[in-house]
Amino acid sequence: MISGTNSIGNKASKQGKKTFKTFDPKQNKDTEWTFYEASSSEIDEAVALATEAFKVYKDCSGEKKAEFLEAIAVEIEALGEELIDTYCKESGLPQGRAMGERGRTMGQLRAFAKVLKEGSWVEAVIEKAQPNREPMPKSDIRKMLFPLGPVVVFGASNFPLAFSTAGGDTASALAAGCPVIVKSHPMHAGTGELVSTAIIKAAEKTGMPNGVFSNLNSSGIEVGQQLVKHPKVKAVGFTGSIKGGTSLYKLANERDEPIPVFAEMGSINPVVVLQSALENDSDAWATKYASSITLGAGQFCTNPGLVLAVKGEKLDGFIKTLSEEILKLEPTCMLHPNIYAKYNEGKKELSAQSGVTITADYKKDTNANTAKPSILKVSGADFLANTKLHTEVFGPFSVVVICEATAEMVNILNHLEGQLTGTILGSEEDLENNYGVVDALQSRVGRILFNGVPTGVEVNSSMVHGGPFPATTDPRFTSVGTSAIKRWVRPVSFQDWPNKLLPLALQNENPLKITRLVEGEYTKN
Ligand code: NAP
């Protein structure tokens, strides 16, 4: 049952005066639930509890934290139909997507549990003492990773489960040993509340300290800002717009004690179509890309919003097929009227830029909040001269840039902002013959693909879902996959520390049996 309350640690609370409702975009009306925005004192209480919880939670063993994460997955599944129905109502997304995302959410939690049980993620490094070294004796120095402290996570609008309440940011921070305060996304506060109850049940069942998790409602930016400014908060995870992410990043850097903000923001995910792809597989790629651009109404951070190729008849054919195929697909409902309105504004603005031709624009009548796909084309010179054309239009939309030659393509890639992904379509020979393109693309992205579509992000230990600014605020990290745990930790060295008082991961006997770097060699000895 959705009650509209906040979770302040294990307690349900609704002291705030401000209320709001979530929206059913398919029915084009408010849902039946009323949510209570967290008050200033509830925010302070959640942070105080998280700070206390950290004192205990940071020292929980990997086994114990793994048990907690696995229990969350079990409790999420136990929410059954109510979770799926609420997700679909608040997002307009279909049931299949809801179930897939729930599976991914549980899979992420279990993947982090596995990492914790194995234990080597703490990166233990041991350099032994050499008391007789000349001219100076060498100390015994050992280091490993420790959790930062309470973390604030901003739920994402476009992934109500996998990037929200118990999503990748929360799972990785809890795995690292950091209590989490979620700033619930106002578009799916009901889904968030249900998942919060599952996390709290799991925390109670596995004996976690009260305050290891809190969930705060809000329908404006104040709650998030108070959280980011709070002196006891030690890091922030965010997925959303460039405007939101950069504003929180600035706020965090203006604090007396600046803290890291790991914001995953916009991306247009360039796709380079090389000659053999145009010559041999043009129609197949155009059809695949029509599906990728429209997948989830284009509301994916990896949506391919930019296609680059060299001019010619083959490219004209590719654009024609892409435009025809995209108009054959049934348009789908967007997450919220605000996102729908922003999509239409962005599409209109880019379509009106100098040199732009609209090659596809869905014209038939559709239901409320349903995004009509569109494809534009523009010359390389016009694209280069106008950075407005480089901006993300969040929805089923893409711009094809017609380059004079490969050199212009390289120049364009070098002028793009940082991106999450970049894709090359072609043959292995094309790759070998176009080193400049590959090099330019790789320097702009976190993940580079060959002959594929960027939508669909695998959750595993080798995934990088990140990239240079403004794709993210810190290109050294990923927000998807088990390496995401590295965002929430800092290294500490122990110098000449008594063996029995060292953390278990650093003791001589290696009681946790983890892989460590000892005197430059990876070993379990
Ligand atoms: P958003 O507007 O950036 O909001 C995300 C979250 O951050 C919300 O909870 C919002 O709070 C909060 N927030 C935003 N600006 C803030 C600020 N200045 N200070 C404090 N908190 C702030 O993103 P969204 O609601 O998810 O979607 C809107 C747009 O974001 C989309 O149209 C799309 O362009 C973009 N988006 C991009 C990606 C991507 O991965 N590339 C993913 C999702 C969305 P309130 O809502 O309570 O104000």
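Just so it is clear, the structure is predicted and the values come from calculations on it, not from any experiment.
Counting only heavy atoms from C-beta outward, the side chains of I339 and S157 approach each other to under 4.5 Å. Two residues are said to be in side-chain contact when any heavy atoms from C-beta on lie closer than 4.5 Å; P373 and L329 fail this criterion. Proximity of T482 to N460: side-chain heavy atoms (C-beta onward) are nowhere separated by under 4.5 Å.
Residues meeting the side chain to side chain contact (heavy atoms under 4.5 Å, CB included) test with E81, sequence neighbours left out: D85, Q95. Every residue meeting the side chain to side chain contact (heavy atoms under 4.5 Å, CB included) condition with E254, not counting sequence neighbours, appears here in chain and number order: K250, L251. Every side chain to side chain contact (heavy atoms under 4.5 Å, CB included) that E325 has, sequence neighbours left out, goes to T287, A290, T321, K328. Take K18 and apply the side chain to side chain contact (heavy atoms under 4.5 Å, CB included) test, not counting sequence neighbours, and it matches E37, S219, E222.
Under the 3.5 Å distance criterion, the side-chain polar atoms of E264 are left unmatched by any main-chain donor or acceptor of S479. Proximity of a side-chain donor or acceptor of Q419 to a complementary backbone N or O of N269 within less than 3.5 Å is detected. The backbone N or O of G466 sits nowhere less than 3.5 Å from a side-chain atom of T478 that would complete a donor-acceptor pair. Side-chain atoms of S398 come within 3.5 Å of backbone atoms of P304 as a donor-acceptor pair (strictly under, hydrogens ignored).
Cation-pi contact between R97 and Y87: absent, since separation from the ring centre below 6.0 Å together with deviation from the ring axis within 45° is not met.
With ring centers used as reference points, Y36 lies 6.0 Å or more from F20. Between H415 and F383, the distance from one ring center to the other does not fall under 6.0 angstrom.
Residue pairs meeting the ring pair (Phe, Tyr, Trp, His ring centres under 6.0 Å) criterion with at least one member in residues 421-479, sequence neighbours excluded, are F262-F477.
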With a cut-off of 3.5 Å and sequence neighbours excluded, list every side-chain donor-acceptor pair involving residues 235-248.
{"unit_1": "S241", "atom_1": "OG", "unit_2": "G244", "atom_2": "N", "d": "3.0"}
{"unit_1": "T246", "atom_1": "OG1", "unit_2": "I242", "atom_2": "O", "d": "2.6"}
{"unit_1": "T246", "atom_1": "OG1", "unit_2": "K243", "atom_2": "O", "d": "3.3"}

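For the 3.5 Å distance criterion, the side chains of W33 and T22 fail to qualify, holding no donor opposite an acceptor.
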Exercise. Given the rule in the side chain to side chain contact (heavy atoms under 4.5 Å, CB included) test, do L109 and I76 qualify, once you have shown the distances and angles that lead to the verdict?
Worked result: CA-CA 11 Å; L109 288 157; I76 288 175; 4.0 Å; yes
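With salt bridges taken as basic N to acidic carboxylate O contacts below 4.0 Å, none links D316 and K314.
Listed here is the closest heavy atom pair of S184 and A189: OG-CA, 3.8 Å.
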